[in-house]
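The next block holds one structure in the form of structure tokens; read it before the comments.
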There are 2 protein chains.
Amino acid sequence: MSLAADTAEKPTLYKRIRADIEKRILTGEWPPGHRIPFEHQLMARYGCSRMTVNKALSELAQADLIERRRRAGSFVRRPQHMSAVLKIADIRAEITALGRTYGYELIHRKLRAATAADRDRLGVKKAGRVVAIACRHSADNVPFAVEDRLIDLSSVPEAATADFAREPPGSWLLHHVPWTEAEHTISAIVADERTAEALDIAVGAPCLVIDRYTWRSARTITAVRLLYPGDSHRLVARFEGG
Amino acid sequence: MSLAADTAEKPTLYKRIRADIEKRILTGEWPPGHRIPFEHQLMARYGCSRMTVNKALSELAQADLIERRRRAGSFVRRPQHMSAVLKIADIRAEITALGRTYGYELIHRKLRAATAADRDRLGVKKAGRVVAIACRHSADNVPFAVEDRLIDLSSVPEAATADFAREPPGSWLLHHVPWTEAEHTISAIVADERTAEALDIAVGAPCLVIDRYTWRSARTITAVRLLYPGDSHRLVARFEGG
DNA sequence: TTGACATATATGTCTAGACATATAATCGTG
DNA sequence: CACGATTATATGTCTAGACATATATGTCAA
């Protein structure tokens, strides 16, 4: 967004219109509630057809920057909430991205018929078979996170034969299961004795907990709990809106 | 999204096309890398003009569900990372949304020239004036979170005279400062004595920490640290992509 | 004053074309 | 066979219209 780029670049017209409006909103020149020019006014100003300005405005509406109301016009939206895009990468990718050596160790893997607790955790009603996995991720041989996972075999039968001693279940699922939806819950706990030992931290030390529940089209796939040493790990999220 | 709605509703054509394709991707029928039909094929299938299918495909591309390549076609994108939309609402809104009574209490407010520590925290180089605020939010008279905030007065001069005893700084900023960008860092700590007292929890209890740094067009606005009792508070994020 | 109705208007969607542009595939040449 | 030039093609953008639809606003009657 340098000044030079503004004159040197030759973006397409609708992108220029979109960028012009976005800029006025972002700088506060057009505050929330302000009505932006009507489509026919923008047509005149930019000397183009309505479809072109419509495309620009539609994208701004899709990005929640403006709100469009029939007969009334288009208005700058009031920021409604802080929404952040939290990138929770595959742990291996996360570690290697930091330039550290990734280590993985399977602690245990058990195939069993779903217990009542398993069904509750996966949010399914009828019993089926599941795989329960516990493993540990490390960076430069220092414990990074411990993972406790349950996979629903009625949704992902191939997981019964996958070699989780070689490949972490997260990576395996990422490459074997198509688009999914997920829900994350982030909380904090203090390490109990078992956790402290696994993460090589003191009992009572803070831990960041991520519980992720993943499904695809109403079918449960997996539930996982990740425990990170709380003082060394950070989740970073960058955002839009405010 | 009931079955009845599927037949009863009469969405516009481009939305139907978009939904049809999205469904095939989400169910895995069209796996990552799969080439979706060309625009002219979709024109024939739906009996419409190219602009209509183009609008559907453009929106899917904007949502990162497909990737479009000239001359080659459009392809289902490989899930690249777990990205989650984390809604970090205004705390007052968050509490009232839960049907609980919101309480707010200003602990202290100090106007001062930025110290070296302040400049570091705000990420600015030259000194200026800042407001430092400490306050506490409660739900049904139970401590919910403590807030420690710094506002850069050279960016938001009106903050010098705002009445933060009446209105929480988060709400005030949300309504007085236009669109901003932010970066969040989430971590866990254990409560020290001061924190424990403020949150009415035991020393050594886990706390969830959210550090938020907010700016607008390269201008720093505010830096805030929020501390929540870790065992009672949860951040929930729902998502896309897997 | 209020409520029912008519009207004007801005956006929502769509068409049947057009030219531009990036690039996969093909062809030709050394 | 390797490599550069050509061509075909799918997407990217745009036009000048059209009709649909929701709704703000004004009008008129109870």
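All chains are named by letter (A, B, ...) in the order of the sequence lines, taking the proteins before the strands, and each is independently numbered beginning at 1.
In terms of phosphate contacts, B:T52 brings a side-chain nitrogen or oxygen within less than 4.0 Å of OP1 or OP2 of C:dT15. Contact annotation: A:K55 does not reach the phosphate of D:dC14 (side-chain N/O to OP1 or OP2, under 4.0 Å). The phosphate of C:dT13 has OP1 or OP2 within less than 4.0 Å of a side-chain N or O from B:K15.
Residue A:R68 contributes atom CZ, which lies 6 Å from atom P of C:dT11 at whole-angstrom precision. Regarding B:R69, its CZ atom lies at a distance of 15 Å from the C1' atom of C:dA25, rounded to whole Å. Between the P atom of C:dA24 and the CZ atom of B:R35 lies a distance of 13 Å, rounded to the nearest Å. B:M51 places its CE atom 15 Å from the P atom of C:dA18, with the value rounded to the nearest Å. Rounded to a whole Å, the CD atom of B:E39 is 17 Å from the P atom of C:dA22. In this structure, A:F38 atom CZ and C:dT11 atom P are separated by 6 Å, rounded to whole Å. The separation between B:R18 atom CZ and C:dC14 atom P is 12 Å, rounded to whole Å. Taking atom CD of A:E59 as the reference point, atom P of D:dG12 lies 12 Å away to the nearest angstrom.
Taking the nucleotide of DNA chain D with the nearest heavy atom to each of A:A72 and B:G73, the more 5' of the two is matched to B:G73.
Shortest non-hydrogen contact noted between A:P11 and A:R16 is CG-CG, 4.1 Å.
Below 30°, between 30° and 60°, or above 60°: for A:H137 and A:Y104 the angle between ring planes is between 30° and 60°, a tilted geometry. Ring geometry for A:Y228 versus A:F144: interplanar angle over 60°, hence perpendicular rather than tilted (30 to 60°).
Using a 4.0 Å heavy-atom cutoff across all strands shown, A:S58 reaches no nucleic acid atom at all. Counting any heavy atom pair closer than 4.0 Å across all strands shown, A:L13 reaches sugar-phosphate atoms only and no base atom.
Atom CG of B:N141 has 12 or fewer heavy atoms from other residues, nucleotides or ligands within 6.0 Å.
For C:dT21, the base has a donor-acceptor partner in the side chain of B:R70 [N/O atoms by modelled type, under 3.5 angstrom]. Taking only distance into account, the side chain of B:R71 never meets the base of D:dA10 through a donor-acceptor pair shorter than 3.5 Å. Between the side chain of B:R50 and the base of D:dT13, a donor-acceptor pair under 3.5 Å is found.
In summary, the side chains of A:T220 and A:Y213 do present a donor paired with an acceptor at a separation below 3.5 Å, with no hydrogens or angles considered.
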